[in-house]
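When reading the values below, keep in mind they use all heavy atoms of this one structure, side chains included, and skip hydrogens, waters and symmetry mates. Here the structure is a predicted model, which is why all the values come from computation and not from measurement.
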Amino acid sequence: SSKAQKLAALKPANLGSIIAKLIVAVMLFAAVGRHDYDYYTLLRCAAFGVVAFTAFQAGRLKQFGWLFVFVIVAVMLNPITPLHLKRETWAFVDAAAAVLLLVSIATIEAQAMNKSVKRFLFWCLFLLALFGIVACYFLFQNVPAKGTSGVLSEGYINTPAPRFNA
């Protein structure tokens, strides 16, 4: 049947890779919000592993453009010698890495899929990427500016944070 063929197109190893990329993409989109330092540490480890594997997949398939892109992303996200960038820069890097992972599903992972599954997957990934970008935009708009408390104070947001003399 047609449904069985579509399911057969997603090999178990392929499906695991797709799920890992989806999870890390969602984590990268969510990184725009405020989280504990541990979240970002976990994110860098997970993202580095998935991005490095994606680079390996691209190399194995002789897609050297993708290999180059994902090696650069892996270097930026590596947890061993982390880059120290501004929060605004990280927001852009995280969103771009998430979109690249979603695009890699539609390009690298799609090698083993038939045309109708590829089309369905493309539209799902497109909508997920669009949702992630819009969510990042709105989350980033509500991130308090540096040196502000970010709490509502008499109807105003981003009032200056109180200073305490030590």
Side-chain angles (χ1 to χ4, degrees), residues 1-80 82-83 85 87-143:
S1 89
S2 175
K3 198 173 209 177
Q5 289 173 339
K6 288 179 183 179
L7 289 175
L10 292 172
K11 300 175 188 171
N14 202 23
L15 186 59
S17 176
I18 290 170
I19 290 170
K21 289 177 184 182
L22 288 172
I23 290 170
V24 169
V26 168
M27 289 177 69
L28 285 163
F29 281 131
V32 175
R34 294 271 185 204
H35 302 283
D36 291 334
Y37 185 76
D38 293 342
Y39 177 82
Y40 295 105
T41 303
L42 174 67
L43 174 65
R44 296 290 165 243
C45 291
F48 175 76
V50 170
V51 168
F53 179 73
T54 304
F56 169 76
Q57 283 181 311
R60 193 179 65 207
L61 294 170
K62 299 190 184 332
Q63 295 181 350
F64 297 112
W66 284 116
L67 172 65
F68 177 75
V69 167
F70 282 106
V71 165
I72 297 296
V73 174
V75 168
M76 292 188 76
L77 296 176
N78 88 81
I80 312 288
L83 295 177
L85 304 173
R87 181 169 177 74
E88 297 83 16
T89 307
W90 274 120
F92 173 76
V93 169
D94 290 338
V99 169
L100 284 171
L101 281 173
L102 295 175
V103 169
S104 79
I105 294 172
T107 57
I108 296 171
E109 298 290 346
Q111 299 287 327
M113 297 178 197
N114 64 36
K115 192 173 183 174
S116 62
V117 173
K118 285 182 191 180
R119 191 175 317 125
F120 173 75
L121 184 62
F122 169 79
W123 286 109
C124 288
L125 295 173
F126 174 77
L127 292 174
L128 181 61
L130 185 64
F131 173 76
I133 291 168
V134 170
C136 283
Y137 173 77
F138 285 110
L139 282 172
F140 197 66
Q141 295 301 314
N142 292 324
V143 172

Non-hydrogen side-chain atoms of Ser17 and Gln57 separated by less than 4.5 Å:
yes
Residue pair Phe29 / Leu102, side-chain heavy-atom distance below 4.5 Å
yes
Could you state the interatomic distance from CZ (Phe68) to CD (Gln63), rounded to the nearest 0.5 Å?
16.0 Å
Leu77 to Ala47 - nearest heavy-atom pair and separation:
CD1-CB, 3.8 Å
Is there a donor-acceptor pair under 3.5 Å between the side chain of Asp36 and the backbone N or O of Asp38?
no
What distance separates Lys21 NZ from Leu28 CG, expressed to the nearest 0.5 Å?
13.0 Å
Rounded distance [0.5 Å steps], CZ in Phe48 versus CG in Asn78
6.0 Å
State, to 0.1 Å, how close Ala25 and Ala98 come at their nearest heavy-atom pair, and which atoms those are.
O-CB, 3.5 Å
Tightest non-hydrogen contact, residues Leu67 and Ala55, listed as CD1-O, 3.1 Å
Taking only Lys NZ, Arg NE, NH1 and NH2, and the carboxylate oxygens of Asp or Glu, determine whether Arg87 and Asp94 approach each other closer than 4.0 Å.
no
Should the heavy atoms of other residues, nucleotides or ligands under 6.0 Å from OH of Tyr39 be counted, would the total exceed 12?
yes
Kindly indicate whether the side chain of Leu22, heavy atoms from C-beta on, has any atom under 4.5 Å from the side chain of Val26.
no
Say whether, by atom type as modelled, one donor and one acceptor occur between the side chain of Thr54 and the main chain of Val50 under 3.5 angstrom.
yes
Supply the atom-to-atom distance Leu43 CG to Met27 CE, rounded to the nearest 0.5 angstrom.
5.0 Å
Given side chains that start at C-beta, do those of Phe70 and Leu101 come closer than 4.5 Å, heavy atoms only?
yes
Hey, are the side chains of Trp66 and Leu61 touching, using non-hydrogen atoms and a 4.5 Å cut-off?
no
So Trp90 and Leu83, do their side chains get closer than 4.5 Å, heavy atoms only?
yes
Check whether any side-chain heavy atom of Met76 sits under 4.5 Å from a side-chain heavy atom of Leu85, and report yes or no.
yes
Correct closest heavy-atom pair for Ala97 and Val73 would be CB-CG1, 4.0 Å
Output the distance between atom CZ (Phe53) and atom OG (Ser104), rounded to the nearest 0.5 Å.
10.5 Å
